[in-house]
Amino acid sequence: MTRWLDRRVRVASEGWVFVLPLAGAAILSALVGWWGVAGLGLVLTVGVGLFFRDPDRIVPQTPETIVSPADGRVMEIVTENAQAKRISIFLSLWDVHINRAPYGGIVQHVVYTPGKFLAAYRQEASLVNEANTVTIAGHGREFIVKQIAGVLARRIVCRVRPGDTLEKGQRYGLIRFGSRTDLLLPATAEIAVQVGDVVRGGETVLAFLKEPPGA
């Protein structure tokens with residue numbers, strides 16, 4: 001229940017296109033006496049509003065910390081190659097779906113890749129599903145965040161473009177209705193979480209840089 005009690009909860013701007021029509025339908029149904037329809041509309045309005053909730057987070061400011069780019073559960077931690085490690089996070093329907101920058105820097109690349117809509121928890125989803133990949137470079141290091149659509153998530157929203165500056169923990173997009181977020185970070189980073197851990201975007205420390213900037 002604590003995930004529903006985040007500080008200063010707001011609704012993401014992309015959510016109003018869903019919330020307002022549902023609320024309007026509920027009100028009109030109540031005015032004409034269709035109480036069953038009105039009740040269903042109210043439930044749907046609240047449910048969709050909660051899905052698009054966008055809470056503030058307390059972002060760790062120590063320079064050696066890498067924070068989670070999403071809420072959810074850590075489903076995989078692997079060494080991709082000699083240069084990078086990957087942490088995969090599964091977002092259920094009940095998680096906050098806002099994506100945040102794991103580290104501060106300049107957006108180098110934003111690449112959208114069309115693909116399938118397999119269940120996001122499947123291992124191959126990272127390779128074949130629709131995805132949007134954002135590369136952030138800062139202090140001589142590179143961080144890659146991959147927004148991956150799932151069975152229900154059919155719309156990836158990315159608010160940044162190459163050349164934009166992101167602060168650590170800053171919101172940069174979201175994925176609608178169940179998804180997955182992969183983070184590729186330097187191979188020298190020290191991982192601070194385990195598979196199965198529940199994480200919070202912009203707040204949970206996923207890893208530490210062995211040599212902080214300026215060291």
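The analysis underlying the following values was restricted to heavy atoms, covering all of them including side chains, and did not include hydrogens, waters or symmetry mates. In this chain, residues are counted from 1 in sequence order.
The side chain to side chain contact (heavy atoms under 4.5 Å, CB included) check on Ala25 picks up nothing, with sequence neighbours excluded. For the side-chain hydrogen bond (donor to acceptor under 3.5 Å, both in side chains) test, no residue two or more places apart in sequence or in another chain qualifies with Lys85. Evaluation of the side-chain hydrogen bond (donor to acceptor under 3.5 Å, both in side chains) rule for Thr181 yields Asn99 as partners, not counting sequence neighbours. Asp197 is linked by a side-chain hydrogen bond (donor to acceptor under 3.5 Å, both in side chains) to nothing, counting only residues two or more places apart in sequence or in another chain. Applying the side chain to side chain contact (heavy atoms under 4.5 Å, CB included) test to Ala137 and every residue at least two apart in sequence or in another chain returns Gln108. Here Thr65 pairs with Thr62, Lys168 under the side-chain hydrogen bond (donor to acceptor under 3.5 Å, both in side chains) rule; sequence neighbours left out. Residues that satisfy the salt bridge (Lys or Arg N to Asp or Glu O under 4.0 Å) test with Glu190, not counting sequence neighbours, are absent from this structure. With sequence neighbours excluded, the residues forming a side chain to side chain contact (heavy atoms under 4.5 Å, CB included) with Ala101 are Ile136, Leu166, listed by chain and number.
In this structure, Ala149 and Ile156 approach most closely via the heavy-atom pair N-CD1, 3.9 Å. Taking each heavy atom of Ile89 and Asp182 in turn, the nearest pair found is N-OD1, 4.4 Å. Looking at every heavy atom in both residues, Pro186 comes nearest to Phe143 through CD-CE2, 3.7 Å. In this structure, Ala189 and Ile66 approach most closely via the heavy-atom pair CB-CD1, 4.2 Å. Across every non-hydrogen atom of Asp95 and Ser92, the tightest pair is OD2-N, 2.8 Å. For the residue pair Met75 and Val195, the shortest heavy atom distance occurs at O-CG1, 3.8 Å.
Look at Arg171 and Asp56 and you find a salt bridge, because one of the NZ, NE, NH1 or NH2 atoms lies within 4.0 Å of a carboxylate O, short of that distance. Using a cut-off of 4.0 Å between Lys/Arg side-chain N and Asp/Glu carboxylate O, Asp71 and Arg53 are scored as not salt-bridged.
By the 4.5 Å heavy-atom criterion applied to side chains, Leu206 and Pro102 are not counted as neighbours. Arg57 places a side-chain heavy atom less than 4.5 Å from the side chain of Val96. Considering only heavy atoms from C-beta on, Ile27 comes within 4.5 Å of Leu31 through its side chain. A 4.5 Å side-chain heavy-atom check between Val145 and Tyr172 finds at least one atom pair inside the cut-off.
To the nearest 0.5 Å, atoms CG (Asn81) and CZ (Arg86) are separated by 11.0 Å.
As a member of the Ile/Leu/Val/Met/Phe/Trp/Tyr network built from side-chain separations under 4.5 Å, Ile106 groups with nothing else and remains a singleton. With a 4.5 Å cut-off between side-chain heavy atoms of Ile, Leu, Val, Met, Phe, Trp and Tyr, the cluster of Val205 takes in Phe208.
Residues Leu184 and Tyr103 are members of separate hydrophobic clusters, defined by side-chain heavy-atom contacts under 4.5 angstrom among Ile, Leu, Val, Met, Phe, Trp and Tyr.
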